[in-house]
Amino acid sequence: MRKKVRKISINRKILLTSGVLLLLFTLILGMDFYNTMKNNMVGMGVDQAKTVVHAVAKSLDVDSMEGLEPGDESSERYMAALEFMRKAKEEYNMAYLYTLTTDGNKVYYGIDTDESDGQLMIGDEFTETYSNMEKVFEGDIFVQEYIDHSEYGELITAYYPLKNSDGEVVMVLGCDYNASDVTKQLHSMRNHLLAITAAGLAVMLILLGLIIRSIMRGLWKVNDKISEIVNDKGDLTQRLNVRTGDEVEEIAENINTLLEYIRNIMGNISGDSERLSESSGVVMENIMGAEENISDVSATMQQMSAAMEETSASLNQVQSAIFDIYDGIENIAVAAEDGRRMMTDVRKRAENIHSAARTEQKQAYAEAGRISASLNDKIEKSKEVERIHILTEKILDITQQTNLLALNASIEAARAGETGKGFAVVADEIGKLAADSESAATRIQQVSREVISAVEGLAQESERMVQFIENTAMAGYQDLLDTSKKYQKDAEHIYTDMDKFARNSQQLQQNIDSIKESVETVNIAVEESAKGVVNVAEMSIDLSGRMEGVGNKAHENMDISMELKNEVDKFKI
């Protein structure tokens, strides 16, 4: 059912607009025709007045009429002229025929053919001034080219100068042509033209209404079909069957094409919405799996961070122990240097030992005891290097745990797919760091074994030296008096041993320096790895938040796809 329009229908708009335009057109055309006919008929009246006044003027005896004065109205020449002019008036259908004279200031009546009570006499003043009539009195013919609607009737006035036999203008012949017939014809023509215009306008409006109704009938069909499509649950399979042979049929075909196009679009949207819903579901599943993997990776990273912190603490302990060992080795080196200088002094004093042996026996015994106690103390301190072996064992255990954690992180990163590539790189770097830590720890063990071996050798040498001093020097101190030369040689031998001991101490100090540098390097690497693991853990937490945001958007996409599918389902395609 067609709804009523809000203001004015197209039918009424076209009829109203066309009616106004037709009315204006017919009025303009009628007025143009009327004005043309009016001008032609007035022109004919003007020509008639001009012809009459010229004919009458040629027939008048101007000389006999010249010199008439007031009171000559009963004279023969006045009456003869008046009779002639009245016949001419009747013959030519004139309303008024008269003569005019002037004294140069005013214009006066002469002979007047008016037979009414208002007949004018000779010398009565004329209504027009001399200035308006001057040209005529000078010999020009004047004809009024319009109808004068006055109290005397519908008139066209013409003035003709009358000349005497000498050629002088002595008076003017005035002719008022009766244009009442022209006016009547014009009124009749106007009424007839208005009637024709009204009839033609009515006929044209009727025809236009029929044409518009025929056009609107096709539009109503199109509108009804579109209304059915709108109100029939969006059935896009319907078609418009309009066979008017005009633009309406073309519009209907275009609407059919548009419906087909919309149906294809709706079909594509329906399929796309289903695919979008499916892909959103897959995305949600992947996001949920990725969130679980990220949580596992985050937990693994936290474990690795704790392990790194424990490793760093152990390395700090190792570094502290190495510093202690370094101090002990440094003291041993100082003691060895002191022993070497002392043996040098012994060698120098060997030549004088014979004379001073008894006096210095107690001093030598005390000095030997002090050296023995000092060496034993330094050797005991140097045995602290064995703690390096224990600590490196802990480092190896930690590196094995780090390798296991790196392996677990690599597995979790592989499970995470694309999102876990970054964690795979970090896990690989941690694995490399664990391998480097294991290599450094192995090197530390090797160096510590060398240090332990050197300390053991130093202890043996020290023991030998102590035994030598106690058993040989002190026990055979009396023999030393007789064998000072031999003691000098022994002193040389002791000096060589002390020099070797000093060199071994320096080598041991250099090895400890290398261990210090290695431990510091490992400690820095472990700290950096711990920072990297913390950063990775923070990144995993941030990535987890981002994945949650992506999941929310995926939920929104699923909702949008469902709403889009619901909208598409409103149409029948």
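The figures here come from the full heavy-atom set of this structure, side chains too, leaving out hydrogens, waters and symmetry mates.
Tyr78 places a side-chain heavy atom less than 4.5 Å from the side chain of Ile122. At a threshold of 4.5 Å between non-hydrogen side-chain atoms, the residues Thr102 and Met133 do not count as touching. A heavy-atom distance below 4.5 Å is found between the side chains of Lys87 and Glu83. Inter-residue side-chain proximity for Arg190 and His187 is flagged as met; some heavy-atom pair is nearer than 4.5 Å. Counting heavy atoms from C-beta outward, Ile156 and Asp148 have side chains that stay 4.5 Å or more apart. Using a 4.5 Å heavy-atom cutoff, the side chains of Val62 and Lys163 are not in contact. Put simply, the side chain of Val107 does not reach to within 4.5 Å of the side chain of Glu128, judged on heavy atoms. For the pair Met65 and Met85, the minimum side-chain heavy-atom distance is below 4.5 Å.
Interatomic distance, Leu162 CG to Thr99 OG1, rounded to the nearest 0.5 Å: 7.5 Å. The distance from atom OH of Tyr159 to atom CZ of Phe137, rounded to the nearest 0.5 Å, is 9.5 Å. To the nearest 0.5 Å, the span separating CG on Leu97 from OG1 on Thr113 amounts to 5.0 Å. Atom NZ of Lys89 is separated from atom SG of Cys175 by 10.5 Å, given to the nearest 0.5 angstrom. To the nearest 0.5 angstrom, Ile111 atom CD1 is 6.5 Å from Leu82 atom CG. With rounding to the nearest 0.5 angstrom, the CD1 atom of Ile196 is 12.0 Å from the OG1 atom of Thr26.
Nearest heavy atom pair, residue Glu145 against residue Val46, reads CA-CG2, 3.6 Å. Closest non-hydrogen pair, Thr101 versus Tyr109, comes out as OG1-O, 4.5 Å. Taking every heavy atom of both residues into account, Glu125 and Tyr108 meet most closely at CA-CD2, 4.0 Å. Nearest heavy atom pair, residue Gln144 against residue Leu155, reads NE2-O, 3.6 Å. The shortest heavy-atom contact between Asp63 and Ser165 is OD1-N, 3.0 Å. In this structure, Pro161 and Val136 approach most closely via the heavy-atom pair CB-O, 3.4 Å.
Of the possible polar contacts, none joining the Asp166 side chain to the Glu168 backbone as a donor-acceptor pair under 3.5 Å is found.
Residue pairs meeting the side chain to side chain donor-acceptor pair (under 3.5 Å) criterion with at least one partner in residues 39-48, sequence neighbours excluded, do not occur; the list is empty.
Atom CE of Met204 has 12 or fewer neighbouring heavy atoms from other residues, nucleotides or ligands inside a 6.0 Å radius. Residue Glu69 qualifies as open at atom CD: its count of foreign heavy atoms under 6.0 Å is 12 or below. Under a cut-off of 6.0 angstrom, the local environment of CD in Glu138 is crowded, with over 12 non-hydrogen atoms contributed by other residues, nucleotides or ligands. Atom OH of Tyr130 has more than 12 neighbouring heavy atoms from other residues, nucleotides or ligands inside a 6.0 Å radius.
Applying the side-chain hydrogen bond (donor to acceptor under 3.5 Å, both in side chains) test to Thr36 and every residue at least two apart in sequence or in another chain returns nothing.
In this structure, a donor-acceptor pair under 3.5 Å is present between the side chains of Ser64 and Asp61.
Between Phe126 and Tyr98, the ring planes are tilted. Angles from 30° to 60° get that label.
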